[in-house]
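Presented below is the structure to which this report refers.
In what follows, chains are A, B, ... by sequence order, proteins preceding strands, each numbered from 1.
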Amino acid sequence: MLDIKLLRANFDEVKERLAKRGEDLSELDKFVGLDEKRRELIAKVEVLKAERNEVSQKVAEMKRNKENADDTIARMREVGDEIKTLDEQLHQVEEDLNYVIMRIPNIPHESVPVGDSEDDNVEVRTWGEKPEFAFEPKPHWEIGTDLNLLDFERAAKVTGSRFVFYRGLGARLERALISFMLDLHSEEHGYEEMLPPYLVNRTSLTGTGQLPKFEEDAFLVEEEDYFLIPTSEVPVTNYYRDEILDGAQLPVAFTAYSTNFRSEAGSAGRDTRGLIRQHQFNKVELVRFVKPEESYDELEKLTGHAEKVLRLLGLPYRVLKMCTADLGFTAAKKYDLEVWIPTQDTYREISSCSNFEDFQARRAGIRFRREQGAKPEFVHTLNGSGLAVGRTVAAILENFQQEDGSVVIPEVLRPYMGGKEIIR
RNA sequence: GGGGAAGUACUCAAGUGGCUCAAGAGGCGCCCCUGCUAAGGGCGUAGGUCGCGAAAGCGGCGCGAGGGUUCGAAUCCCUCCUUCUCCGCCA
């Protein structure tokens, strides 16, 4: 959510910056009229309410003095009716205004490249050596199935498409990665580990920006009106919803493992095989609450923390700076980490690291005081995957496969795999 | 799932329709007193948000949330949420 005062004062400039995203902004034009109407109604109704407060005191006094207040009461009855009418109009206008502002995306940061599509994302750096195979490498779903690590067929029977069973060392590998990532971030990078709820309410999803625009992307438990989390960003960021933090505590950093659930509405036919696009997947997330002036340094730091995982695993990757068209609804700036997937001869997204500035904080009411008694300010929130675990498994299977069909386990994972060096 | 009880400011807490547009206490802040400490005394303490305003300031809202009744609601009514508790079920 944008600052309504900023929008009011610099409407044309904000609109121009939003236009770089290439999204439909037709709703935005309603803002000016609704905002004016709202303030007009407030001014009117507040005068009447002030009168009502004052006269009510007078009536109380008259009653105490046993005077007759019938005329005054009759007059105030009319004022009361008028207040009621105006309040109803005001509520309607505020609802309309809210509809508009909750659907306006974040303003791209000035350092974000302007672009029309994902083709305009900018490669910032690459790391690692792509593997050279003296044989025909197999896609990860074949390796996983051949080595009895993954079972897609039975998952389709038990649940449906885009689900998977992990078995044996496959399950162990997933668990090893989760532990490795959590340990790295909590012990080396200074994050506090958190294990959040996997179901959240509507207010939380609105706070982080998934609602109201993207309801069809999430799974809903209708009876309770709870949603399965699409990422632990949602519960972890909303942890401090409607709170005022002590500025001395900032930055606050959490790392959270969770299973994530996505309906993948609109991606039918894409990545239908393998671990890349499942309805249910594991992810270790990084979330930071920071002071506004530090958030862009913090974004670089956080991105580095996610990269560190790939470097320690020895997986080749690149970092992309996302262009205005590919930022997503909530981010002001975003880096994607993409890991090398040999059989697709391309890099695939394995992490997104974003600075939301105060966009989420404003929606979720997350503020801080610089010092005791200071006026509350919105924090800046950031998050990034550190990393998507299923995709990491896919990358490990493909990049470290051997001619005999076995897979070499990255050294850093071996302590988590009972000392095993190879999966065969 | 069923029955009870409760949600008031940083904390505790009084308050059953109008001098409560929230008493009191603790805590916190400032000050006084005391050589220091302890103890004591005085003053302050609703934060936040919205509107108008260049500002000073003025006004609206606020007792879990949202509605309703009323000239007037912390107080009465309805719906919902949360916590505690008893019963039932349960890993």
| said: So Lys5(A), base contact, sugar-phosphate only, or nothing? Heavy-atom distance under 4.0 Å. | reply: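 Since only primed, P, OP1 and OP2 atoms lie under 4.0 Å of Lys5(A), the category is sugar-phosphate.
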| said: Categorize Val59(A) for me: base, sugar-phosphate, or nothing, with a 4.0 angstrom heavy-atom threshold over every strand shown. | reply: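 Counting heavy atoms under 4.0 Å across all strands, the contact made by Val59(A) includes a base.
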| message | For Arg39(A) and Ala374(A), find the nucleotide of RNA chain B closest to each by heavy atoms; which residue's nucleotide sits nearer the 5' end? | response |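 Its nearest nucleotide lies further toward 5', so the answer is Ala374(A).
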In the strands shown, is [N] matched to any nucleotide by a Watson-Crick or G-U wobble pair with both distances under 3.5 Å, and which?
| N | answer |
| --- | --- |
| G35(B) | none |
| U79(B) | A65(B) |
| G88(B) | none |
| A23(B) | none |
| C43(B) | G29(B) |
| U49(B) | G60(B) |
| U8(B) | G15(B) |

Would you indicate which nucleotide in [options] comes nearest to any side-chain atom of [X]?
| X | options | answer |
| --- | --- | --- |
| Arg369(A) | C52(B), G48(B), C19(B) | G48(B) |
| Ser56(A) | G48(B), G51(B), G18(B) | G18(B) |
| Gln57(A) | G47(B), C52(B), C21(B) | C21(B) |

Would you kindly give the [atom1]-to-[atom2] distance between [X] and [N], to the nearest whole Å?
| X | N | atom1 | atom2 | value |
| --- | --- | --- | --- | --- |
| Asp3(A) | U49(B) | CG | P | 12 Å |
| Glu36(A) | G51(B) | CD | C1' | 14 Å |
| Lys63(A) | C71(B) | NZ | C1' | 8 Å |
| Arg241(A) | C81(B) | CZ | C1' | 12 Å |
| Ile244(A) | A9(B) | CD1 | C1' | 13 Å |
| Glu243(A) | C10(B) | CD | P | 13 Å |
| Asp242(A) | C81(B) | CG | C1' | 14 Å |
| Asp35(A) | C50(B) | CG | P | 12 Å |

Got a sec: does the [atom1] of [X] have more than 12 other heavy atoms crowding it under 6.0 Å?
| X | atom1 | value |
| --- | --- | --- |
| Lys308(A) | NZ | no |
| Glu110(A) | CD | no |
| Glu16(A) | CD | no |

| request: List in numerical order all residues of residues 73-81 of chain A for which some heavy atom is under 4.0 Å away from an atom belonging to RNA chain B. | output: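 Those residues whose heavy atoms fall under 4.0 Å from RNA chain B, taken from residues 73-81 of chain A in numerical order, are Ile73(A), Met76(A), Arg77(A).
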Between [M] and [N] - [atom1] atom distance, rounded Å:
| N | M | atom1 | value |
| --- | --- | --- | --- |
| U8(B) | A14(B) | C1' | 10 Å |
| A65(B) | C10(B) | P | 13 Å |
| G41(B) | A54(B) | P | 49 Å |
| A46(B) | A74(B) | C1' | 15 Å |
| A5(B) | A91(B) | C1' | 29 Å |
| G51(B) | C31(B) | P | 37 Å |
| C87(B) | C28(B) | P | 42 Å |
| U75(B) | U69(B) | C1' | 13 Å |

| Sequence-aligned protein contact record of nucleotides 59-69 of chain B, with B where the base is within under 4.0 Å of a protein heavy atom and S where only the sugar-phosphate is | BBS-----S-S
Is it the case that [X] and [Y] place a side-chain donor and acceptor less than 3.5 Å from each other?
| X | Y | value |
| --- | --- | --- |
| Tyr257(A) | Glu193(A) | no |
| Asn98(A) | Glu94(A) | no |
| His185(A) | Thr255(A) | no |

| query | Is G62(B) in the syn or the anti form, by the rule that syn lies within 90° of 0? | reply |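 It is syn.
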| Do Lys334(A) and Glu349(A) pass the salt bridge (charged side-chain N to carboxylate O under 4.0 Å, His left out) test, and can you show the C-alpha distance, the side-chain angles, and the key distance before you say yes or no? | CA-CA 12 Å; Lys334(A) 176 161 84 168; Glu349(A) 177 189 341; 6.0 Å; no
| query | Is it true that a side-chain atom of Arg21(A) and a backbone atom of Asn106(A) form a donor plus acceptor pair closer than 3.5 Å? | reply |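 Answer holds: yes.
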| So, the side chain of Ser385(A) versus the backbone of Ser352(A): is there a donor-acceptor pair under 3.5 Å, distance only? |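 Side chain of Ser385(A) to backbone of Ser352(A), a donor-acceptor pair under 3.5 Å: yes, one is there.
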| task | Output all residues satisfying side chain to side chain contact (heavy atoms under 4.5 Å, CB included) with Leu86(A), sequence neighbours left out; order by chain, then residue number. | result |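 Side chain to side chain contact (heavy atoms under 4.5 Å, CB included) list for Leu86(A), sorted by chain: Leu41(A), Lys44(A), Val45(A), Leu48(A), Gln89(A).
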| query | Would you say Leu2(A) and Phe359(A) make side-chain contact, with heavy atoms under 4.5 Å? | reply |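 Leu2(A) reaches Phe359(A) side chain to side chain.
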| request: Determine, for Phe281(A) and Arg162(A), whether the Lys NZ or Arg CZ falls below 6.0 Å from the six-membered ring centre while staying within 45 degrees of the axis. | output: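 No cation-pi geometry.
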| query | Any side-chain N or O of Arg8(A) under 4.0 Å from OP1/OP2 of G51(B)? | reply |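 The answer is yes; a side-chain N or O of Arg8(A) sits under 4.0 Å from OP1 or OP2.
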